[in-house]
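Before any comments, here is the structure.
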Amino acid sequence: MSEVRLRFAPSPTGFLHIGGARTALFNWLLARKEGGKFILRIEDTDVARSTQESVDAILEGMTWLGLDWDEGPFYQSDNFPLYREFVEKLLASGKAYKCYCTVEELEKKRELALAEGRKPKYDGTCRDLKEDRPGVPYVVRFRSPRDGETAFDDLIKGRISFRNEELDDLIIQRTDGTPTYNFTVVIDDATMGITTVIRGDDHINNTPRQIVMYQALGYPVPQFAHVPMILGADKTRLSKRHGATSVMAYRDMGFLPEAVVNYLVRLGWSHGDEEIFSREELIEKFTIEAVGRSAGVFNPDKLLWLNAHYIKAGDPARLAELLLPFLAERGVDPASGPDPVAVVRTLQERSRTMLEMADGAIFYYRPDFEYDGKSVAKFFTPAGRELLEELAAWLGTLTDTGHDSLAALFDGLCAGRGVKMKDVAQPARFALTGGAASPGIYEVIGVLGRDETVRRIRRALDACRS
RNA sequence: GGUCCCAUCGUCUAGCGGUUAGGACACCGGCCUUUCACGUCGGUAACAGGGGUUCAAGUCCCCUUGGGAUCACCA
């Protein structure tokens, strides 16, 4: 019974965003490191704003990142009877009370308090009401202690304490009988036996309110770890203005899940001078205490660098699989050309995203691309054309398109003509790829194959008569 | 406004009283080179300010300043 139990508890009102993913990741890592349980709970008490599409999107995001959960997903909407039970219990013991104040009255008081520069907290009008008012709509409020202080030792931020007078009697059950967030988290975390709550630090102010409820209910208070939020380049909360915030959007932009995981964990956490962490290393080395206390700026450049690293180190066959949808998006049918795995090998070192790789791969599958005039003028000079003619002739007799044999062929051609490698390589590259930048010319020829190579050179020669 | 949190290069960070303040991304140069990249070598760049404590402070304490979060019948 000493195993750690952690949870990720998103509310399904949108996709899984970068910040939520990092919170989930930290929870998952700690659970895996400690050999505990990772529980997924959907906080959908706000029925109006919660959607099934959001639930699906969140699950999809977590799955893509490889964050598997041991229990759940549980839905708070399934627990309404349970919450009701606890409300009754608190009511019966006097730890909660019915409040008949209307929304309008409360709103007025709040505005008045704000106008007078006071803290806009509930004034306790119904706190000591002697009897019920049958038939009158009410909410249930938690009777919060007014003296003393509530403190906790945050695993990340250290000791944090609040004077109880700052806490007001918050609503735990609405007029319509549904429970509210601060109450349901406590009930769920308590009954699910959550030992450590890792969540965004925007919840710090909720923590003391929740702690007094654990105490009133007689449940042990879990440990808390409040992780700092993620900022955009302008140091304001990360939002759509800063670019994509949805985890899945990163997949669609050609990022690898291991790169996103690596980036997210390093944003606010570090282990000496190390930058690259495999999943196994993360599980081994992660500690919640090493998570930084201050907010961090999301840096797309570094994510890109990590992604490039993982593409370079990735298994070509797997990358080829991942490349297919991007190729399809561009109307490219891989069956019409060389083996995608071979293509991937030539592009791994020069692609930062799968999307870039797809763009770089297109020429392999488009035998009929156009040649732009400027480059034609530059490469298809009389001398250039002559070289290409000769190259095509030499290539036509080649039986092996391996690197060494091609190198020998090009060397021979250069020596015979008394030209530099680039004098023949650049026109050839242009004829074969339609551009001035591409993988190594030997690699391109190797992937294209002898016949297609010769065909493309002849086609270029025909198309670019000046 | 109250409460709470935060503060080392542009960015992510190392540092846990004694360091030429280290690494990474980005940026700028050199090298490599058939292009673009990769790689490699080198460079620019930081302790917000002020008081303490101490033989000694980026490291501990306080204040200031500056950021941020939160104060809902949202979560």
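Chain letters run A, B, ... following the sequence lines, proteins first and then strands; every chain starts at 1. Just the heavy atoms: all of them, side chains too, but no hydrogens, waters or symmetry mates, feed the values below. Please read all numbers here as calculations on a predicted model, not as lab measurements.
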Exercise for the section: Assign A:Asn182 to base, sugar-phosphate, or nothing according to its heavy-atom contacts below 4.0 angstrom with the strands shown. Expected result: base

Exercise for the section: For A:His203, report the nucleic acid contact type (base, sugar-phosphate, nothing); a contact means any heavy atom under 4.0 Å. Expected result: base

Handout entry: Sugar-phosphate only, base, or nothing, as touched by A:Arg293 at under 4.0 Å among non-hydrogen atoms
Key = sugar-phosphate

Exercise for the section: Remember a base hit wins even if backbone is also touched, and classify A:Thr45 as base, sugar-phosphate or nothing at under 4.0 Å, heavy atoms. Expected result: sugar-phosphate

Practice task
Report which part of the nucleic acid A:Ile204 touches: base, sugar-phosphate, or nothing (heavy-atom distance under 4.0 Å, all strands).
Solution key: sugar-phosphate

Practice task
Please work out if A:Pro208 contacts a base, only the sugar-phosphate, or nothing of the nucleic acid, heavy-atom cut-off 4.0 Å.
Solution key: nothing

Practice task
Using a heavy-atom cut-off of under 4.0 Å over every strand shown, decide if A:Lys420 touches base, sugar-phosphate, or nothing.
Solution key: nothing

Exercise for the section: Keeping the roles fixed (side chain from A:Ser77, backbone from A:Asp44), state whether a donor-acceptor pair exists under 3.5 Å. Expected result: no

Problem - Side-chain N or O of A:Lys302 closer than 4.0 Å to phosphate OP1/OP2 of B:U13 - result: no

Exercise for the section: Check the distance between B:C71's C1' and A:Asn205's CG and give it to me in whole angstrom. Expected result: 8 Å

Practice task
Nearest-nucleotide wise, let me know which of A:Pro10 and A:Ile156 is further upstream toward the 5' end of RNA chain B.
Solution key: A:Ile156

Exercise for the section: Would you confirm whether A:His242, through its side chain, and A:Ser239, through its main-chain N or O, come within 3.5 Å as a donor-acceptor pair? Expected result: yes

Practice task
May I ask which nucleotide in the shown strands pairs with B:C60, Watson-Crick or G-U wobble, both distances under 3.5 Å?
Solution key: B:G52

Exercise for the section: Look at all strands and tell whether A:Val297 reaches a base, only sugar-phosphate, or nothing, counting heavy atoms closer than 4.0 Å. Expected result: sugar-phosphate

Problem - side-chain N/O A:Arg110 vs B:A72 OP1/OP2, d < 4.0 Å - result: yes

Practice task
For B:A72, take OP1 and OP2 only and decide whether either is under 4.0 Å from a side-chain N or O of A:Lys121.
Solution key: no

Exercise for the section: Look at all strands and tell whether A:Cys101 reaches a base, only sugar-phosphate, or nothing, counting heavy atoms closer than 4.0 Å. Expected result: base

Problem - Main-chain N/O of A:Ala244 paired to A:Tyr250 side chain as donor or acceptor, under 3.5 Å - result: yes

Completion exercise
Using Watson-Crick geometry (N1-N3 plus N6-O4 or O6-N4) or G-U wobble (N1-O2, O6-N3), each under 3.5 Å, B:C25 is paired with B:G10

Practice task
Would you mind classifying the nucleic acid contact of A:Ser161 as base, sugar-phosphate or nothing, using non-hydrogen atoms under 4.0 angstrom?
Solution key: sugar-phosphate

Exercise for the section: Tell me what A:Tyr263 touches on the nucleic acid: a base, only sugar-phosphate, or nothing, going by heavy atoms under 4.0 Å. Expected result: nothing

Practice task
Quick one: label A:Ser294 by what it contacts on the DNA or RNA (base, sugar-phosphate, nothing), any heavy atom closer than 4.0 Å.
Solution key: sugar-phosphate

Practice task
Give a yes-or-no answer on whether the side chains of A:Tyr181 and A:Asn206 include a donor-acceptor pair shorter than 3.5 Å.
Solution key: no

Fill in the blank from the handout: Closest of B:G22, B:U34, B:C38 to the A:Asp273 side chain is B:G22

Handout entry: ring-ring contact (aromatic ring centres under 6.0 Å, His included) between A:Phe286 and A:Phe26, intermediate numbers included
Key = CA-CA 8 Å; A:Phe286 182 77; A:Phe26 286 167; 5.3 Å; yes

Completion exercise
Scanning all shown strands, the Watson-Crick or wobble mate of B:A69 with both distances under 3.5 Å is B:U3

Handout entry: Under-3.5 Å donor-acceptor pair between A:Arg350 side chain and B:C36 base
Key = yes

Practice task
Taking only the side-chain nitrogens and oxygens of A:Thr175, find out if one of them lies under 4.0 Å from OP1 or OP2 of B:C73.
Solution key: no

Practice task
Report yes or no: is there a donor-acceptor pair, N or O only, under 3.5 Å between the side chain of A:Glu275 and the base of B:G23?
Solution key: yes

Exercise for the section: Would you indicate what A:Asn206 reaches in the nucleic acid, counting non-hydrogen atoms under 4.0 angstrom: base, sugar-phosphate, or nothing? Expected result: base

Exercise for the section: Salt-bridge test for A:Arg237 and A:Asp202: reply yes if a basic N is under 4.0 Å from a carboxylate O, no otherwise. Expected result: yes

Fill in the blank from the handout: Of A:Gly440 and A:Leu267, the one whose nearest nucleotide on RNA chain B sits closer to the 5' end is A:Leu267

Fill in the blank from the handout: By the Watson-Crick or G-U definition, both distances under 3.5 Å, B:G39 is matched with B:C31

Problem - A:Glu105/A:Lys109 salt bridge by N-O under 4.0 Å criterion - result: no

